[in-house]
Amino acid sequence: MSLRRFVLRRALAVIPVLFGVSVVTFGLFHLTPGDPVSQVVALNPDVSAAEEARLRERWGVSGPVWRRYLEWLSNVLVGDFGREIRTGRAVSGLVWRRLPETIALGLFGWVFAVAIAIPTGIYAAVNKGKLGDVASRVLALSGVSLPNFWLGLLLILVFSLYLGLFPVLPPSRLPLYHPETLRYLLLPGVTIGTAAAASLMRVMRTSMVEELNAEYVTAARARGLPERTVVFKHVLRNSLVSVVTLAATLTAGIVAGSVVVESVFNWPGLGSELVRAINRREVNVVMAITVVTAVAVVLANFLADVLYAVLDPRIRYD
Amino acid sequence: MSDDDGDAVEPVLRVEGLETHYDSTEGFLDRLLGRSRRVRAVDGVDFDLRAGETLGVVGESGCGKTTLARSVLGLVEPTAGSVYHRGEDLTALSSAELRDRRKDLQYVFQDPLSSLNPRLTAGGIVGEPLDVHGLAAGAERDERVRELLETVGLKPNHAARYPHEFSGGQRQRLGIARALAVDPEVIVCDEPVSALDASVQAQILNLLSDLQAEFGLAYVFIAHDLRVIEHVSDRVAVMYLGEFVERGPTETVFEPPYHPYTEALLSAIPEPDPLWEGDGIRLTGTVPSPVDPPSGCRFHTRCPRLVPSAEYDLSGETWRSLTDLKLRAREADGVTSLTAARTSREGDGSPVDGGALDPADAIDPAGPTGPTEASRETFDALVREEFGLPDPLSDPDAEAAVAEAIDALRDDRIGEAAELLDAAFVSPCERRHPTEYDVGADHGIACLRYDGEFDEEAGTFADGSEPAGSAE
Amino acid sequence: MTALLEVEDLTVRFHTDEGVVTAVDDLSYRVEAAETFGVVGESGAGKSVAARSVLGLIDRPGRIERGEVRFKGEDLLSMDESALRSVRGDEIGMVFQDARAALNPVYAVGEQIAETIEHHMGYDPAAAKTRAIRLLDRVGIADPEARYSEYPHEFSGGMCQRATIAMALSCEPDLIVADEPTTALDVTVEARILELLDELADEFDVAVQLITHDLGVIAGTCDRAMVMYAGEAVETAPIEDLYYDPKHPYTAGLMSAIPRIGDGRDRLRTIPGTTPDPVDPPSGCRFHPRCPFAEEACTRTHPSLVDPETGEAATLDDDRAAACLEYTEGLSGGLDYSVEVEEPRDERAGGDPADE
Amino acid sequence: MANRHEAADGGRRLDRRNLLATIGAAGTAGFAGCGGQGATEPSGSAGSDSDDDGLFPLSVRLETGGKDERIRMVELIAESLQQTGYFETEVETYEWNAYLDRVINPTYRENGYLPAIGLSGTFNPHSFCNVIHNSANVGACCNLTGISDPELDELLDSARYGIEVAEDADLRAETYDEIWRTLAEERYTSFTHFSVATAVTDAAVHGFATWPFQEGLFGYALYAPQDEQVAWIDRERRAGDADLADLVTGGTLTGAISTNPGSFDPPHSSDTTSTMVQNLLFEGLVVNDAEGNVHPWLAERYELRDVRDVDRTAYEEYMRVVGTTAEGAVDADEQVIARHPEDDPAADDEVRVLLPEDAREAAADGTYGMWFRYELHEGVEFHDGSELTAEDVVASYEYYENSATAPQTFDSVLAAVAVDDHVVDVYAQVPDAEAERELPGIYVLSADQIADVEKGGIDPREGVTPIGTGPYEFGEFVDEEYLEVSRFDDYWVESRGVAEAFAWFDGPDAFPDGPAIDAVEVEVVPDDATRAGALRNGEVDLTYDVASGTLEDFDDADDFVVHAVEAGGYDYLQYPVNVEPWDDPRLREAVNHLVPRQRIVDNVLNGWAEPAWTPIPRIARGAGTADYDALEATVKPLNEYDVERAEELLEEMAAEYGESP
């Protein structure tokens, strides 16, 4: 099977997953007792039946659940997430505005995690049992155990307030692609990436150690290849295979972490928007963000699958 | 190993038309799109196993031996067919009934370590079946465990050790003790000695033989090593791609007449004798995929003694070569795969300094460019070199057909070439699936060479075709 | 005259949690240019460790404690890492037991061959590829150009082994160390691989150190062989002598344990017991607990390799040597075994009976 | 501007009529998706338990939400109650918006829970008692527990409306004093403390002051001739070391606010931050100073032309009959200016209502309560360059119809009529003591802009750039992120000169004619700690809503200045007077004596508040009492922490309840 066909198949397999996501999301918000309109009505005995019907029509909560679901789904499919209840503005605009911010943050967190984890993991594996390995493992353990919000506040305290090296507020007026943005991304990015970095590093180290014991490594050495080639060409790619698998699952962690980290750093992304939306009971916004993040996680897994296949030619044939 | 009583006793195990197909379909989506891939691991196997005898099953890896073993015991659910034990069809039993049956039918695994629970002691491992089947408890159980360990040549005080503390041979003894615990009638041994050293292998084989004598066990003994099979078996079945291609008492199977596959297997045994020279029959390739087994005789794609079609006057060797060319043309992506490799693909046409690599390659007949750009003669030569086809073929009609196919290949019309070859050269082996032909007492061979239509002496089919040459 | 490879007094130890394992103990042997030298022994005999020591491929917790490995007269063990690397793969190739595991699963087979060629021979990528394709072709892989870009998992076991043989041959070495190259293969494939090795060794004029546990394998391919037991060489001999006139009871025992087609034996001869604990090997002759001819002296005196005719200590140049007290002190019971060579069944050719 | 009742930190308006208007109005349904939890709980489960063992210990469930400080306050009160041994207390806390939805649910008052909440008030004393106590606000606004006291209702209305109080401030003050005394006796509620509005600025910000109302913070603090206040940035000098003579112009002030401005459309928003940013862009006819005095602003001058002693029945002949909905609401698309007092939409199928056009007709015919005339400055320019005329003012009033803030606007306003290009008459429905402040309490918008947008559409998020006459013009806004405004070059006060523009101006000559700061950037930073960190890190010059603990740090630091003013905001407990045994005033009095006001201020709020010895904060004392000291002397003893008195009352009740079956 060619890589292209594999990718296509994987992409097709994403569809039922997304369908499931949409059902669950919609179900969570619409099958729980008390839809938005009935709550308005409960608050207000003065709302007439006609008004209630109008409101229901307006908020798309009239008719049987399946029809509402289909309506909602068909709107979502064309990028229409409905309107904010409070302001009446389109939710999609909000989501598209926030999404790049979260993607930028998530990507930075990723890059950070990978940039830290891979070299450290390699170093630790190659120097297994030595001081550097032990130290990096201790750091990794603490990295995994640090709560995001605590780390974020700590970083702000140390690097922004005491050392004055980084800003506390996000760059509201800089475009995301501006190089200066990196300075702003650093602290939140590090915060969001630390846990992932630590987990990745541990997996990187373990799989690297395992791979270093593989016969093909001996074989490569027996062919007189320099150790650098052995480690960085032969062992690294194999180790990355297991790292990629973990990386996909960690994406969900990063998405979840963005809620806390964006709030701590006032980052104008989907995470902080979600907190706001929940507080304000903006059902459509919460649903939109849930769907978008779920899609992001599914896509990340899809990408990981593809990357997995690119890294490891055996996968395509499974 | 045991006396052949020859009486028509009811066999302890009778397998009829056993088929085990797997679905290797990749998942939901494939199933949805109806892209089913049936792996025909075991495809219609019959045999009897009499009390106290050993049936050896031999074949290359991928021929379905292990699946057969597991299907017989119901560890894998067979797709079709029946396995009768004492007249009762095991395939019709419920899983609870089957579990109960396991007292009589036991399994010994190839890899003793991975089949032993690392967290149980030897005593625990051997005692487990006693617990499961409620055969013994308390002091009686401990006594029985000690007894079993001694029976397989382990010390009673080994009961407290864990599997990793044993050597490979000892682990296999443990596996045997576990199988013996329930006092079975039949033990299916799946490559029990393949992973063992020669000296230990001999110990285990002797042990199995002793146990058979002592407890009247019947074995289905699976191995890829003909030497072992020959040593332990009363009767032998040679398996290829899910089917038995030859069956018979051990002595007869290891004497001519052979199924060509048996012959090839025998010929490949490395003999511990420096001066011995083998037959030199060498099979090419590996066992084809059981997903889509070859038509006719499944062995025809590799068979060194392919029955030539009577249409042409060609040697068996040439026929083999033609079939190889045809098979490769069917699957090839590009013409280069059908020609001998060239010495050089360098732009200047001079051989890369690997001239010394292989003297035969020092001359590059095709020049620097791709094979299809080579001259007609050169290309023709390359193809013939790759497949060992004489130039010209001894039969002019055949030569004409081959030449036409080579021309098509040269124009990069591979599909067409394959069709031409398909139309011109079809061995009966490709068309007809051989049934088992009796060649002696209780000895059957599933090969067209033993078909009644085929006159073995004349080497020809009764329809008047010319004798086929032999591989020699 | 120096042999191509001379291993002298090689001792390799592994420092494990359970204790110090002497995997190879004072091993000496030689491999002549272009000959095929067999090393036979059961698992734990130290064959693989010895083979890997030749290339300096012993990883922690293993250590080469002592000895020399002279290749073309130069001691590989005292070379620095980069000099050693230039020998590995270039002058000495290696073939592994599990060929698929020895190939990196994520790179195309051909690339891995070409990589070695580029590295040692300084070829540009295109030239290396061409050479790799030719090698694949040479080791009998059909459609080498397409196969070049395929991955190890797309190769059958036999093809993988062919590929590693191509890899070992890629830089035209003088020696190939083949560590159980056919153990994992089907008997039909094994035969073809052995044939191929034999053929290539001839053609490329390369010496092969063939390690195996199967006496059948070396019989047809080797010129001389060494039998190892518990880290030591117990016998070395030209191949015919080894089979028809084994001088060590272990060699004889090993041979009799192999089932032979048509031998009609009900029971196989076995060597009782198991291989000794590598941490705490038996005193005296390590084989004595399993040796049917062992006497009291065997438990005390450690026999060294001697010329069985003269009883004098064997040197590297000796073709025939065995380590049994019978040849130095003489055992009271002697070695009571003999080799029978049966008349060949059907068309088999048999050698002359070479009874003791 | 006045009479806005704001939740102190959520910025969410709580007004029953407003709510109704909102539900009906397209585009801004307000409370959807909320409040369900109150309705589903069994009522009367906790507070009204009086089992066979007698009344005590009484289970009291205190509820609150929002700020940590308020929660700690409630915990302190609970502890205080618990210590007497008469109460089993339990504190439930909620997220702020969830809590609001919970307590305004009409069923909430049946629970018998004891809610604590915070509101903000204005100079108008009306706002400190009406919202909580008037029957009209039961169940929807801040009369959370259904206080329904017709006498009190009447008293409340009489203190504001009617020709007597409108013309006689002393009478009005006396009436309020009566209200305060009544409240002190009835103890329907317990005010705990008045908050101190605080802002923290970098020391580089000079001349900054906080406005008593939080929503006025930016507009007032940056340029306020009425209080001779102007802010400038001088990074060389510390604030406090310099006076007007050293004023530096230019620079950008960066502030951080906690909530996103909900809308830039003045009548269609009421949250605190919206009002704050609107202040920079828009101006009204008049302006208040820190004492609540009214000064003409866009109006060069104004005068009260006439007062007529009418009530709403006077409009009977102008009224139309409209139907009512099944739920008892008036069924009209137009703004209902007034409803006939005798008609009840809940009971009647038809009601008589006054609609805008008819209201204008009535005013023209001379039927009105009050008549004010405003003469506009000439040459006032909107940000788009067009000139302000009477038409803009009239259009603005019309724009307020059926808006989020229409209820409070048309509480008072009858009609606005252009007399000529620069003269506008504004009529009140009835004589109103607050008319001078309340009638002109709208922002003047551009008629051109109003004509082009849908109601609520003046917002950059809708693609409309807000246009006003204010000192700053709209620059850029990114939702939930930041707002930028820059100095309006043609600001009319600046063009005219401050002394020239305002006849009432008597400040120093050095006082500038316009704001000194060139641009204002406002960052939206919801997290308190982040906002404080940004200020400390020099990323913003100004912020507010800093936790009181952190305020101390800023106050101690040389680089920052804490600005504090006692604002109208207050916190209070409201007793479930309709649920036994809270209907017994003795219980309410006892609990009131157990509220440790001083400790709350000292320990919970670190002194950044004032104990509420009376229900009337400093800013409203001018109109709200004849003699504050006298009032405090009377009322304070009833509000002081007094365990003995409390126990005495409880003892008495226990004895009584113990006897009853």
Side-chain angles (χ1 to χ4, degrees), chain B residues 1 60-61 167-170 197-203 205-206 209 224-228 230-232 254-256 264-279 282-286 328 332-334 336-338 340-341 343-346 352 354 356-359 361 386, chain C residues 42-43 123 126-127 130-131 133-138 142-146 156-158 172 186-192 194-195 203 213-217 219-220 239-240 242-243 253-255 257-262 265-272 274-275 341 344 346-351:
Chain B
M1 274 171 108
E60 289 169 283
S61 42
S167 70
Q170 287 172 323
D197 276 320
S199 64
V200 184
Q201 173 177 306
Q203 291 172 2
L205 291 176
N206 284 345
S209 155
H224 65 270
D225 188 339
L226 275 180
R227 294 174 294 186
V228 171
E230 197 253 9
H231 181 76
V232 300
F254 286 85
E255 296 289 344
L265 287 179
L266 268 168
S267 158
I269 297 169
E271 198 63 21
D273 184 346
L275 297 178
W276 176 77
E277 279 160 23
D279 299 357
R282 293 290 178 254
L283 290 182
T284 52
T286 46
R328 281 261 286 285
D333 306 321
T336 47
S337 76
L338 297 171
T343 307
S344 165
R345 303 272 180 262
E346 286 290 272
V352 178
L357 179 69
D358 182 348
D361 271 353
E386 175 71 7
Chain C
E42 295 178 282
S43 41
Y123 276 35
T130 309
R131 187 177 168 88
I133 290 172
R134 283 181 49 212
L135 282 160
L136 286 174
D137 185 50
R138 186 58 203 89
D143 196 4
E145 281 189 59
S156 68
E172 294 175 40
D186 267 326
V187 64
T188 50
V189 183
E190 172 175 56
R192 296 203 318 267
L194 288 173
E195 247 173 35
E203 192 176 302
H213 67 273
D214 189 341
L215 277 170
V217 165
I239 203 72
E240 288 181 27
L242 187 75
Y243 283 87
L254 208 50
M255 225 144 4
I258 302 170
R260 303 280 297 271
I261 302 263
R265 285 183 289 176
D266 244 10
R267 290 182 66 77
L268 292 166
R269 283 279 184 74
T270 64
I271 306 175
T274 55
T275 35
V341 177
D346 55 271
E347 70 268 29
R348 280 175 210 203

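As the structure is a prediction and not an experimental result, all values here were calculated from the model.
Only the side chain of C/E190 comes within less than 4.5 Å of a heavy atom of chain B; its backbone N, CA, C and O stay farther away. For chain B, the nearby parts of C/I271 are the backbone and the side chain; heavy atoms of each come within less than 4.5 Å. In this structure, the portions of B/S61 lying under 4.5 Å from any heavy atom of chain C include both its backbone and its side chain.
The closest side-chain heavy-atom distance from B/S267 to C/T188 is not below 4.5 Å. Between C/Y123 and C/T130 there is no side-chain heavy-atom pair separated by less than 4.5 Å.
For the set B/Q170, B/Q201, B/H224, B/Q203, the entry with the most heavy-atom pairs within less than 4.5 Å of chain C is B/Q203. When each of B/S199, B/P274, B/A268, B/S167 is checked for heavy-atom pairs under 4.5 Å with chain C, B/P274 comes out on top. Of the listed residues B/A202, B/G169, B/G168, B/A198, the one with more heavy-atom pairs under 4.5 angstrom with chain C than any other is B/A202. Comparing C/S156, C/S43, C/G220 by how many heavy-atom pairs each has under 4.5 Å with chain B, the most go to C/S43. Counting heavy-atom pairs closer than 4.5 Å to chain B, the top-ranked of the candidates C/G157, C/G158, C/A219 is C/A219.
Interatomic distance, CD of B/E60 versus CG of B/L265, reported as 6.0 Å (0.5 Å rounding).
C/R269 is linked by a salt bridge (Lys or Arg N to Asp or Glu O under 4.0 Å) to nothing, counting only residues two or more places apart in sequence or in another chain. Contacts of B/R227 classified as salt bridge (Lys or Arg N to Asp or Glu O under 4.0 Å), with partners at least two apart in sequence or in another chain: B/D225, C/D214.
Taking all atoms of both residues into account, the shortest heavy-atom contact from B/E271 to C/R260 is OE2-NE, 2.8 Å.
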